[in-house]
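Okay, so here's the structure we're looking at.
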Amino acid sequence: MTTSRRALLSGFLAMPLVPLAGTIAFGQEAPVLPLTRACTDGDEATLAREAGPFFKPNSPLKQDLYPDAPRAARITVAGYVLDGRCRPIPQSLVDIWHADESGEYDRQDFRLRGHQFADEQGRWWFNTVVPALYPGRARHFHFRVQRPGRDVLTTQLFFPDEPGNARDRIFDETLLMTINPAGDGQFARFDFVV
Ligand code: FE
């Protein structure tokens, strides 16, 4: 039996941050959840990407989005908000919106839209579903990230090994999530550097 998303999330939350010469590394459990390249390659800020036409302000405070699409494949997406020296930034706003299992965005209401504030260690996570493809785009999540008192980063995160990535004009490989299979879906990891 493969590890569940809940177990992988618990593992993520249990991992200590270990300061290492201006960067961070994780303890023993780390191998299945490596740091995304954002914080191993140096201090490059996460690339901004257009919001697109489907952003709606004032999303609900909500981490569990999967009840919005109960038949869709589940994915937990988690990570840190870090500064340019890989230091976690607590209380950063993380806002997600994405297409449903039919490739549609909810424009009337707030289905598959939600925000949260990173915890005291700069961590955030959403339990949601895998968005379907829609015409002209590779599979993606939309995010807005704001550290307290600073400008908003608007960006998009992509799925590895998607044939559509190479054809997507918004795609950039630095915006790829690290994805591990779980017994009940997938566990995705991305650290925002803002
Ligand atoms: Fe989109």
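Order of listing sets the numbers, starting from 1, for every ligand and every atom in it. Residues take their numbers from the sequence shown, with the count starting at 1.
- Classified by interplanar angle (parallel below 30°, tilted 30° to 60°, perpendicular above 60°), the ring pair F141/H98 is perpendicular.
- The number of protein N, O or S atoms lying under 2.8 Å from the Fe ion (ligand 1) is 4.
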Name each donor-acceptor pair under 3.5 Å that joins a side chain in residues 50-58 to protein atoms two or more places apart or in another chain, with its distance.
| from | atom 1 | to | atom 2 | distance (Å) |
| --- | --- | --- | --- | --- |
| E50 | OE2 | R169 | NH2 | 3.2 |
| K56 | NZ | Q108 | O | 3.4 |
| K56 | NZ | D109 | O | 2.9 |

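- Aromatic pair W124/F192: centroids less than 6.0 angstrom apart.
- Clustering of Ile, Leu, Val, Met, Phe, Trp and Tyr side chains at separations under 4.5 Å places L61 together with L93, F117.
- Annotation: Y134 is in aromatic contact with Y105 [ring centroid separation under 6.0 Å].
- Evaluation of the ring-ring contact (aromatic ring centres under 6.0 Å, His included) test over residues 161-183, restricted to residues two or more places apart or in two chains, returns F158-F171.
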